[in-house]
Amino acid sequence: MKSYRKELWFNTHSRYEFVHITREVQEAVRESGIREGLCLVNAMHITASVFINDNESGLHRDYMEWLEKLAPFSEKGYHHNGGEDNGDAHLKRQIMGREVVIAVTDGKLDLGPWEAVFYGEFDGRRRKRVLVKIIGE
Amino acid sequence: MKSYRKELWFNTHSRYEFVHITREVQEAVRESGIREGLCLVNAMHITASVFINDNESGLHRDYMEWLEKLAPFSEKGYHHNGGEDNGDAHLKRQIMGREVVIAVTDGKLDLGPWEAVFYGEFDGRRRKRVLVKIIGE
Amino acid sequence: MKSYRKELWFNTHSRYEFVHITREVQEAVRESGIREGLCLVNAMHITASVFINDNESGLHRDYMEWLEKLAPFSEKGYHHNGGEDNGDAHLKRQIMGREVVIAVTDGKLDLGPWEAVFYGEFDGRRRKRVLVKIIGE
């Protein structure tokens, strides 16, 4: 069994942002030399997500508006740390998820035709990272 | 290390539907010959889910009504692709999840007594598929 | 390839409760002897979650209040089993998730600085369990 580990780093311009990372994850799979296995991609921060969906700007706007409705930003409205202003980010990340696990087949990410991997930032403008861990043969 | 890959195909009669697939996933584990490992089951489409919960029709009705409340169908209300009519499906799938990872122990899915695996369709009436990838020994 | 399986048991005092389990999961990794691999941690019950977020009581209060808003308790308001009183628990668990997959690197859980693992109970006061399955080398 082989294993491979890589960190991807981000520093988004805005507080809320989606970053397309399919290419970076695929590159990690290539570097690993693993042909058959599983690839875990997870946010290492608790106010960010990794998720799979369409690489389409209209949909991303839908997600952001929807998350804001389900878990609105509020400077003082959350109990988190006696009113830290990123309470909404912890909730939004829970909807979008912490991680994805992707099959590796024949040395490539085994994704459906429209599946694209995204980093979802809900409390950005500082350096944060994603972990890619691949195991297999 | 062994690995095994299988696709399950669906063509639901309705736009929204849950399909019980525990038996098909267990059958893939049997075919793989793997006794100890991990089994990934994921939707290959971005308007569908794979999730684990109770095989009980009342609960499935609860899920559908709840998802419709959280992410209502709207023919023109989403930005997705300038108003494609399946915007709600991308949101619903995010609540129910893309994938599950199930332990394989002694050649079987290592599930709790009431755990059952489902394909969740939110934009059906066409051919779509689920990926099963098992690694282990 | 090695594999290791362990069950963690819980019997919470209240119906709704979050239990910090990072130490127990790390202990299972140590027992496994696995240095590089993947660690699956999943609820074996369908009214409970395993999730990763901050070990902070204010945030946990935020989560509970938020989940109650999104999926309120109702003694008779759900179709589940003709009105079983834990319908809300099945919905809440769907938001918080069934499982997490954590990388194992150098014999340890490969977690970000604030990542902590929790068991999320939404229908407690009885014995329930979590499965830890680790594969790797």
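Proteins get letters first, then strands, A, B, ... in listed order; numbering begins at 1 in each.
Heavy-atom neighbours of B:Glu27 CD from other residues, nucleotides or ligands within 6.0 Å: above the threshold of 12. By the 6.0 Å contact criterion, CZ on A:Arg23 is open, its count of non-hydrogen atoms from other residues, nucleotides or ligands being 12 or less.
The distance from atom CD1 of B:Ile95 to atom CH2 of A:Trp66, rounded to the nearest 0.5 Å, is 4.0 Å. Atom OH in B:Tyr78 sits 10.5 Å away from atom CD in A:Glu65 (nearest 0.5 Å). Atom-to-atom distance recorded for B:Arg98:CZ and A:Asn53:CG is 10.0 Å, nearest 0.5 angstrom.
Side-chain atoms of B:Lys133 do not come within 3.5 Å of backbone N or O of A:Leu38 as any donor-acceptor pair. Judged by distance alone, with hydrogens and angles left aside, the side-chain atoms of A:Glu36 form no donor-acceptor pair with the main-chain N or O of B:Lys2 at under 3.5 Å. With hydrogens and angles disregarded, a donor-acceptor distance shorter than 3.5 Å links the side chain of A:Glu56 to the backbone of B:Asn81.
Side-chain polar atoms of B:His45 and A:Glu115 form no donor-acceptor pair below 3.5 angstrom.
Looking at B:Ile134, there are no atoms closer than 4.5 Å to chain A (heavy atoms on both sides), in backbone or side chain. Heavy atoms closer than 4.5 Å to chain B are found in both the backbone and the side chain of A:Met96. Only the side chain of B:Asn42 comes within contact range of chain A, with heavy atoms under 4.5 Å apart. The parts of A:Val100 that come within reach of chain B are both its backbone and its side chain, each placing non-hydrogen atoms under 4.5 angstrom from that chain. Both the backbone and the side chain of A:Leu111 come within less than 4.5 Å of a heavy atom of chain B. Both the backbone and the side chain of B:Gln94 come within contact range of chain A, each with at least one heavy atom under 4.5 Å from a heavy atom of that chain. Of the atoms belonging to B:Ala71, heavy atoms from both backbone and side chain fall under 4.5 Å from chain A.
Across B:His90, B:His79, B:Met44, the residue that shares the most heavy-atom pairs under 4.5 angstrom with chain A is B:His79. Residue with the most contacts toward chain A among B:Leu40, B:Leu91, B:Ile135: B:Leu91 (heavy-atom pairs, distance under 4.5 Å).
The two residues A:Asp54 and B:His80 make their nearest non-hydrogen contact at OD2-CE1, 3.4 Å. Pairing each heavy atom of A:Pro113 with each of B:Arg129, the nearest pair is CD-NH2, 3.6 Å.
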